[in-house]
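Data first, discussion second: the structure below is written as structure tokens.
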Amino acid sequence: MFRSLLLIALALLLHLSTLQAQMSVVWEPDISMSGGLGGQWSWNTKFVTRVALGQPDGQHHPDAGRVLLAEAQGYVNRRLIGGRRITLGLLYGIENPLDEAKAEKRIIWQYSFRSQAGSISLLHRARIEQRFFEESFQHRIRYRMIADKPLQGEKLDAGEWYLFAGTELLLSSNEHFRKFRIDNRTGIGAGFLFANEHRLQFELQHRAQRMFDKSYASRLWLITSWIIPF
């Protein structure tokens, strides 16, 4: 499964490399923190920033160097039988925070679980979101699957690297369940587990917006993540 997913992601990203001159690149650094609340309950937060980098061919892009987003997320999780989890989350984001800022508030309902196939771990995540903008409202359903595998042995230990690959489908509509759109996010990456259980991850991700639509657009995302458990 992991090899198949990794090959699919690699094939897609290699194909996209032939189109990179027309595709802008976004850098997204984020930091995540998590901890227990006692019993079956836990919490986690995430802080995200997005910065436009322009185009790989070096041509000038009007958004190059622009801060596109600042975002804060908070979640409360309840562990169920078999390691499954249900989650309630809140998000507050500001698009273009340094220029004509636009705010978004979001309610997130999530169900997730892991499955194991030898040394390959599969994370499944299904989400329902209600997105509140200043003058509009949006429903969104998301499903993501990520496979990760340690580079050494069957189990990931401190001081070791691991690889991961994943894909996500997003179906959105307006408040009247009209004007549907389908997006996709597919990426590959590598992470490192430190002795203190912190993780550092690097991911190259392609995001396709409004698939099967004349307004189709896509970007490459360079994602760096620092993950801190408490």
Side-chain angles (χ1 to χ4, degrees), residues 1-2 5-6 9 26-51 69-94 105-129 142-168 185-205 221-230:
M1 174 66 75
F2 179 78
L5 189 58
L6 184 61
V26 174
W27 176 44
E28 182 176 286
D30 65 66
I31 182 170
S32 300
M33 295 172 282
S34 62
L37 292 172
Q40 307 300 315
W41 295 90
S42 62
W43 62 271
N44 58 288
T45 62
K46 187 175 184 178
F47 301 94
V48 180
T49 302
R50 291 179 189 163
V51 181
L69 179 76
E71 189 175 85
Q73 308 172 20
Y75 302 91
V76 175
N77 313 288
R78 176 69 161 84
R79 191 169 69 248
L80 305 176
I81 295 174
R84 292 165 170 78
R85 293 201 309 177
I86 54 173
T87 299
L88 174 62
L90 298 175
L91 178 152
Y92 182 79
I94 303 177
K105 303 176 184 69
R106 190 183 308 180
I107 301 174
I108 300 167
W109 313 86
Q110 177 176 299
Y111 172 74
S112 61
F113 66 95
R114 280 190 177 272
S115 58
Q116 196 74 25
S119 61
I120 301 170
S121 177
L122 291 172
L123 173 62
H124 307 264
R125 187 186 77 181
R127 276 185 175 182
I128 298 175
E129 300 177 339
R142 308 168 59 164
Y143 173 74
R144 184 179 75 173
M145 182 176 69
I146 294 179
D148 59 69
K149 184 182 188 304
L151 287 177
Q152 301 174 0
E154 296 291 316
K155 181 178 177 294
L156 181 65
D157 297 311
E160 294 182 353
W161 287 88
Y162 58 94
L163 297 176
F164 61 91
T167 188
E168 182 175 28
R185 301 175 180 179
T186 298
I188 57 175
F192 184 81
L193 177 64
F194 293 89
N196 58 3
E197 297 188 350
H198 290 206
R199 295 187 185 222
L200 180 62
Q201 293 188 166
F202 305 91
E203 181 179 3
L204 176 61
Q205 187 180 94
W221 246 251
L222 303 176
I223 303 174
T224 54
S225 304
W226 189 264
I227 303 168
I228 305 171
F230 287 95

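Owing to the predicted nature of the structure, the values given are computational and were not obtained by experimental measurement. Residue indices begin at 1 and follow the sequence shown. FYI, side chains are in, hydrogens and waters are out, and symmetry mates aren't considered; it's all heavy atoms of this structure.
- Side-chain contact between Leu88 and Ile107 is present, with heavy atoms from C-beta onward closer than 4.5 Å.
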Under the ring-ring contact (aromatic ring centres under 6.0 Å, His included) rule, what do Trp226 and Phe194 come out as? Steps first, then yes or no, please.
-> CA-CA 11 Å; Trp226 189 264; Phe194 293 89; 5.5 Å; yes
Could you please spell out the steps behind the side chain to side chain contact (heavy atoms under 4.5 Å, CB included) verdict for Ile108 and Arg142?
-> CA-CA 10 Å; Ile108 300 167; Arg142 308 168 59 164; over 6 Å; no
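- Taken from CD1 in Ile228 to OG1 in Thr45, the straight-line distance is 9.0 Å, to the nearest 0.5 Å.
- Minimum interatomic distance between Ile188 and Ala165 (heavy atoms only, all atoms of both residues): CG2-CB, 3.9 Å.
- Note that the CZ atom of Arg199 and the CD1 atom of Ile227 stand 6.5 Å from one another [nearest 0.5 Å].
- Taken to the nearest 0.5 Å, the CG atom of Asn196 stands 4.0 Å off from the NE2 atom of His198.
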Checking side chain to side chain contact (heavy atoms under 4.5 Å, CB included) for the pair Ser115/Leu122: CA distance, chi angles, key distance, verdict?
-> CA-CA 5 Å; Ser115 58; Leu122 291 172; 3.4 Å; yes
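- Going from atom CD of Glu129 over to atom CD of Gln110 covers 9.0 Å, rounded to the nearest 0.5 Å.
- Minimum heavy-atom separation, Gly93 to Leu91: N-CD2, 3.8 Å.
- Counting heavy atoms from C-beta outward, Arg106 and Leu90 have side chains that stay 4.5 Å or more apart.
- A donor-acceptor contact closer than 3.5 angstrom links the side chains of Tyr143 and His124.
- Checking Tyr162 against Glu160 by side-chain atom types alone, no donor-acceptor pair falls below 3.5 Å.
- With contacts defined as side-chain heavy-atom distances shorter than 4.5 Å, the pair Phe47/Asp30 does not qualify.
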Kindly determine whether Glu71 and Glu28 satisfy side chain to side chain contact (heavy atoms under 4.5 Å, CB included), including the steps that lead there.
-> CA-CA 11 Å; Glu71 189 175 85; Glu28 182 176 286; over 6 Å; no
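- The pair Glu168-Arg125 counts as a salt bridge, with a side-chain nitrogen and a carboxylate oxygen less than 4.0 angstrom apart.
- You'll find the side chain of Phe164 reaches within 4.5 Å of the side chain of Gln201, heavy atoms only.
- With rounding to the nearest 0.5 angstrom, the NZ atom of Lys149 is 6.5 Å from the CD1 atom of Ile120.
- When every heavy atom of Arg85 is checked against every heavy atom of Ser42, the shortest pair comes out as NH1-OG, 3.7 Å.
- In this structure, the side chains of Ile86 and Asn77 stay at 4.5 Å or more apart for every pair of heavy atoms.
- When every heavy atom of Met33 is checked against every heavy atom of Trp43, the shortest pair comes out as O-CZ3, 3.6 Å.
- Contact between Ala195 and Ala158 at its shortest, heavy atoms only, is CA-CB, 3.7 Å.
- The CG atom of Leu200 sits 7.5 Å away from the OG1 atom of Thr224 when rounded to the nearest 0.5 Å.
- The closest side-chain heavy-atom distance from Leu151 to Leu163 is below 4.5 Å.
- For Trp27 and Thr49, the side-chain atoms include no donor-acceptor pair closer than 3.5 Å.
- Gln40 is linked by a side chain to side chain contact (heavy atoms under 4.5 Å, CB included) to Arg78, Arg79, counting only residues two or more places apart in sequence or in another chain.
- Annotation: side chain of Leu222 is in contact with side chain of Leu204 (closest heavy-atom distance under 4.5 Å).
- Taking 4.5 Å as the limit, some side-chain heavy atom of Gln73 sits within range of a side-chain heavy atom of Val48.
- A cation-pi arrangement is not found for Arg127 relative to Tyr111, the charged atom failing to lie both closer than 6.0 Å to the ring centre and inside a 45° cone about the ring normal.
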